[in-house]
Amino acid sequence: MTVLKSVVLFAVAALFEIGGAWLVWQGVREHRGLLWIGAGVVALGLYGFAATLQPEAHFGRILAAYGGVFVAGSLAWGVVVDGFRPDRWDIAGALICVLGVSVIMYAPRGN
């Protein structure tokens, strides 16, 4: 149950962070305005809260592992929202990152 909770929290954090960054991007780069930017800032703040709910107690471990989730999630966001077509190297890199997440967060530890 702890692993499932952790995976769900990583997904929620990714949604807030990547979605928030995308909203800011849309507000600034696509000239959609301050409302989009403000919504992005709120989403980015919610990302910070989502990360704190992880069952793991070590900030550095959570954020290191989340980096891999961010990489894979960003590519997925691009596919779904922006029509981005990742190449085999994008996919290979994302798989390596997700493997890293698994090792960092879920490897058995003796402590």
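More than 12 heavy atoms of other residues, nucleotides or ligands shown are found within 6.0 angstrom of CZ on Phe84.
Note: the hydrophobic cluster containing Val101 also contains Phe59 (ILVMFWY, side chain heavy atoms under 4.5 Å, direct or indirect links). Clustering ILVMFWY residues whenever any of their side-chain heavy atoms sit less than 4.5 angstrom apart, transitively, puts Val69 in the very cluster that holds Val80. When the side chains of ILVMFWY residues are joined at heavy-atom separations under 4.5 Å, either directly or via intervening members, Val81 and Leu23 end up in a single hydrophobic cluster. Hydrophobic clustering, with ILVMFWY side chains joined whenever heavy atoms are under 4.5 angstrom apart, keeps Trp89 apart from Ile96. The cluster map of Ile, Leu, Val, Met, Phe, Trp and Tyr, joined by side-chain heavy atoms under 4.5 Å apart, puts Val3 and Ile62 in the same cluster.
Rounding to the nearest 0.5 angstrom, the gap separating the CG atom in Leu75 from the CZ atom in Phe70 is 9.5 Å. One distance of note links CZ of Arg109 with CZ of Arg61; it measures 3.5 Å at 0.5 Å rounding.
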Donor-acceptor list for residues 5-15 side chains, cut-off 3.5 Å, not counting sequence neighbours:
from : atom 1 : to     : atom 2 : distance (Å)
Ser6 : OG     : Gln54  : OE1    : 2.8
Ser6 : OG     : Tyr106 : OH     : 2.7

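Across all non-hydrogen atoms, the minimal contact from Val41 to Val24 is N-CG2, 4.2 Å. Between Ala21 and Leu44 the shortest heavy-atom distance is N-CD2, 4.0 Å. Between Ile104 and Ala65 the shortest heavy-atom distance is CG2-CB, 3.9 Å. The two residues Ala43 and Phe16 have their closest heavy-atom pair at O-CB, 3.3 Å.
Residue pairs meeting the side-chain hydrogen bond (donor to acceptor under 3.5 Å, both in side chains) criterion with at least one member in residues 28-50, sequence neighbours excluded, are Gln26-Arg32. Within the structure, side-chain hydrogen bond (donor to acceptor under 3.5 Å, both in side chains) pairs that include any residue of residues 10-21 comprise Glu17-Tyr66 (at least two apart or interchain).
Checked against side chain to side chain contact (heavy atoms under 4.5 Å, CB included), Asp82 has the following partners two or more places apart in sequence or in another chain: Trp22. Residues passing the side chain to side chain contact (heavy atoms under 4.5 Å, CB included) test with Ala72 are Ala94, Val98, sequence neighbours excluded. Considering only residues two or more places apart in sequence or on other chains, Ile91 meets the side chain to side chain contact (heavy atoms under 4.5 Å, CB included) condition with Pro86, Leu95.
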